[in-house]
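Residue numbers start from 1 in every chain, and the chains themselves are labelled A, B, ... in the order their sequence lines are given, proteins ahead of strands.
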Amino acid sequence: DTEVTQTPKHLVMGMTNKKSLKCEQHMGHRAMYWYKQKAKKPPELMFVYSYEKLSINESVPSRFSPECPNSSLLNLHLHALQPEDSALYLCASSHRTSGRNEQYFGPGTRLTVT
Amino acid sequence: GIQVEQSPPDLILQEGANSTLRCNFSDSVNNLQWFHQNPWGQLINLFYIPSGTKQNGRLSATTVATERYSLLYISSSQTTDSGVYFCAVHNQGGSEKLVFGKGTKLTVNP
C-alpha cells in the first residue's frame, strides 16, 4: 500500500479563522513533508519531520504551524492566513533510510483564503 | 543549491505519438524521481531512477548520472497522459530536500 491520505480535499477559510490540515500514512515511513504549490508552479517544500522531529523549516511564516503527533500523522495548523496563502497543500512521506528516499504524495488539500 | 531544468516547457501531441522529456541537473544526486501531476493535482510516482534505465508499460526512463541528465519516454501517448511531468532530485550529501524542476506540460489531443 503506497497511499498517503489528506483531509479535507477542499477548504475555504476567512483570514481570522483557525483550521487544520491532516495527513496520514501507514507505510511505516519515518519522514513526512508539507509542500505548498501555487498554480502553474512546482511544489515548494515547507516543512520536514524526520522520526517525528522537525528537521527542516523553509522559513515558513508562523501563521503555519506543523505538528507530528506520531509517526503516521502530520498536521498543519493554519491561523490568520492571507489571501496569497491560497494554494494546493501537499503532504508526502518517505522511508528516510540510507540509499533510498522515494517520496510518495497525497492528493492534496486545495485551500482558498477569503 | 542544486538546479533542475526541464525541457520542453510545453508539448502538444496527437494521440499515438511518442515523446521524450528531458531533465538536467547541476550536481550529483542520490535520488531522482519522475512524477505525473494529473488535472486534479495528484502527484503520481512514475519512476525512482537515480541511475540506469527502467520501463513501466508505455513509459520508460533513463538517468545518466555521470552526465547529469534524465530522460522520460512516453510511447503511443493517450489523452490520459495529459498533465504536468515533474523531475525532482535530492542532492548527494544527505539533504532531505527534494528539488523540483519547473515541469513539462503535456497535452495529448484525440
**Prompt:** If you measure from CG on Leu88(A) to CD on Gln37(B), what distance do you get to the nearest 0.5 Å?
**Reply:** 6.5 Å

**Item:** Lys54(B) atom NZ: more than 12 heavy-atom contacts under 6.0 Å
**Value:** yes

**Request:** Spell out, yes or no, whether Phe64(A) and Met32(A) are grouped together once hydrophobic residues are joined by side-chain heavy atoms under 4.5 Å, including indirect joins.
**Result:** yes

**Prompt:** Which pair of heavy atoms, one from Asn101(A) and one from Asn31(B), lies closest together, and at what distance?
**Reply:** O-ND2, 3.3 Å

**Request:** State yes or no: do Leu11(A) and Met15(A) share one hydrophobic cluster built from I, L, V, M, F, W and Y residues joined by side-chain heavy-atom distances below 4.5 Å, directly or via other members?
**Result:** yes

**Atom CD of Glu5(B) with >12 non-hydrogen neighbours under 6.0 angstrom** = no

**Request:** Answer with yes or no whether the hydrophobic clustering places Tyr104(A) together with Phe47(A); edges join I, L, V, M, F, W, Y residues whose side-chain heavy atoms lie under 4.5 Å apart.
**Result:** no

**Request:** Tabulate, in ascending numerical order, the residues of residues 36-46 of chain A having at least one heavy atom closer than 4.5 Å to a heavy atom of chain B, or enter 'none'.
**Result:** Gln37(A), Lys41(A), Pro42(A), Pro43(A), Leu45(A)

**Asked** When you look at Tyr35(A) and Leu98(B), which way does the side chain to side chain contact (heavy atoms under 4.5 Å, CB included) test go after all the steps?
**Response** CA-CA 10 Å; Tyr35(A) 289 83; Leu98(B) 196 61; 3.5 Å; yes

**Asked** Among the clusters formed by ILVMFWY side chains lying less than 4.5 Å apart, do Trp34(B) and Tyr73(B) turn up in the same one?
**Response** no

**Prompt:** Do you reckon Leu72(B) sits in the same ILVMFWY cluster as Val99(B), going by side-chain contacts under 4.5 Å, direct or chained?
**Reply:** yes

**Asked** Can you tell me how far NZ of Lys97(B) sits from CD1 of Ile56(A), rounded to the nearest 0.5 angstrom?
**Response** 7.5 Å

**Item:** Closest non-hydrogen atom pair between Phe35(B) and Gln103(A), with its separation
**Value:** CE2-O, 3.9 Å

